[in-house]
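What follows is a single structure, written as structure tokens, with notes after it.
Every chain is numbered from 1, with letters handed out A, B, ... down the list of sequences. Worth saying up front: this structure is predicted, and the values here are computed from it rather than measured.
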Amino acid sequence: MAKIGVLGLQGAVREHVRSIEANGAEAVVVKRPEQLDELDGLILPGGESTAMRRLIDRYGFMEPLRAFGKSGRPMFGTCAGLILLAGEVIGYKEPHLGLMNITVERNSFGRQKESFEANLSINGVADDYNAVFIRAPHIVSAGEGTEVLAECDGRIVAARDRHYLGCSFHPELTDDHRITAYFIGMAEQVKAPLAHS
Amino acid sequence: MNTGTDRVKRGMAEMQKGGVIMDVVNAEQAKIAEEAGAVAVMALERVPSDIRKAGGVARMADPRIVEEVMNAVTIPVMAKARIGHIVEARVLEAMGVDYLDESEVLTPADEEYHLLKSDFTVPFVCGCRDIGEAARRIGEGASMLRTKGEPGTGNIVEAVRHMRKVNAQVRKLVHMNEDEVMTEAKIHGAPFEVLMQIKKEGRLPVVNFAAGGIATPADAALMMELGADGVFVGSGIFKSENPAKFARAIVEATTHYQDYKLIAELSKELGEPMRGLEIAGIAAADRMQERGW
């Protein structure tokens, strides 16, 4: 069984845990960098990206998170988590983790009153997916080798680059666990050869 | 695309969980709060302890201040409207404020009716002291709750009372037989459907933050220990000697509320916290928590 961590510094941690467990995998709330060692995959949840970044810095999570990604273990960023994963953030000189080959823009759909729900088709996941966007970022451009998984209103809102998965919306806020299942599948694929070696 | 749905409004509050929302009165304070790791700021003309001191009628903040704060930070900005003041709420919504607080800290505009919050696209947070108040506010469309506490006092006792009470009443409801819920609804003046929903889900359907009287990092951690989803800090931060340091300490204590060694470190040399008021010394008419119906 895959062991999936949820970065537990701030935000919708409980909801991701619920979604992981609904898919029959084991969930771990990660509050300390040393907890990363035991995981097969990691979810960076929705929340406030600036607040999470402050806590990442203060608890020495920056390098361990980058090392986690570089070890080839899958990471999945939702909303604020997507911003943390991105290689480039519009308006900022430096990215946060800078792991995923995409450029994102924060709050690009507007303020809270412009937050919305919409039906999406997500490649390889679902063609009837109800997505919740809250002060959401969007993917301005996807780099070479990055597969665009979903668009909304002509904007990229979900993508996969190697073992990195990211979306602008909040799968954790609905009872539709298909995208989490897709991510757990990614983690199991990486885990399988390791287990037999 | 659907805007202003329950999911979008309640979801916004879910994203604030485990975080600290700070009262600010200008752009400079908002930046300090954002830098310290606040998940949102509450834009005000005066913090509650100054409202208490000034007396008179407390109203919605000057829109200039709200605008200044909105332009200064990228985190969500909240603002307060008077209880039942439809127009103050509509004005703040039109300005694009991210979350409204229909707040007893301001002088109520209506002593009988609260806002019908389900009518708005912008989400609302409201104060509650017990499950009746919590359920009535949810019934009106509030997407987030907070304890009322006793604002501007630096005294945590009322927030503790309200958090414990709501959680104890939720536990009781969850374990109750279904045929007992209607009488429970009658006792608390709570909408039956909301109580049934709480019973079914085993918890409140919206997040519940602590507010009113949080003055130290240990206070913030205590409220998390008691089951708060996050904390609002009002007068405590910018009335302290070193607001930036104090704000960081509150954020860290909220994240790691069970790491007591860390809280000890954070609490060192923070300077004098706000002086604090004994609740018994506040005349009944001056207690903000009594406002709301």
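- No part of A/R53 comes within reach of chain B, as not one of its non-hydrogen atoms sits under 4.5 angstrom from that chain.
- Heavy-atom distances place the backbone of A/E114, and not its side chain, under 4.5 Å from chain B.
- At a 4.5 Å heavy-atom cutoff, A/D57 makes no contact with chain B through either its backbone or its side chain.
- For B/L100, no part lies under 4.5 angstrom from a heavy atom of chain A.
- Both the backbone and the side chain of A/R111 come within contact range of chain B, judged by heavy atoms closer than 4.5 Å.
- There is no contact between B/A40 and chain A, counting heavy-atom distances below 4.5 Å.
- Residue A/E147 qualifies as enclosed at atom CD: its count of foreign heavy atoms under 6.0 Å is above 12.
- In this structure, chain B has no heavy atom under 4.5 Å from any part of A/N119.
- Of the two parts of A/L9, the backbone and the side chain both hold a non-hydrogen atom closer than 4.5 Å to a non-hydrogen atom of chain B.
- B/T74 touches chain A through backbone and side chain together, each having a heavy atom under 4.5 Å away.
- No more than 12 heavy atoms of other residues, nucleotides or ligands shown are found within 6.0 angstrom of CZ on B/R164.
- Taking 4.5 Å as the heavy-atom cut-off, none of the residues of residues 36-44 of chain A approach chain B.
- Residue pairs meeting the ring-ring contact (aromatic ring centres under 6.0 Å, His included) criterion with at least one partner in residues 112-150 of chain A, sequence neighbours excluded, are A/F109-A/F116, A/F109-A/F133, A/F116-A/F133, A/Y129-A/F169, A/F133-A/F169.
- Residue contact with chain A, scored on non-hydrogen atoms closer than 4.5 Å, involves the backbone and the side chain of B/R248 alike.
- Checked by atom type, the side-chain pair A/H177/A/S19 shows a donor-acceptor distance below 3.5 Å.
- Note: B/F120 and B/F124 have perpendicular aromatic rings, judged against thresholds of 30 and 60 degrees for the angle between ring planes.
- In this structure, chain A has a heavy atom under 4.5 Å from the backbone of B/A94, while its side chain stays farther away.
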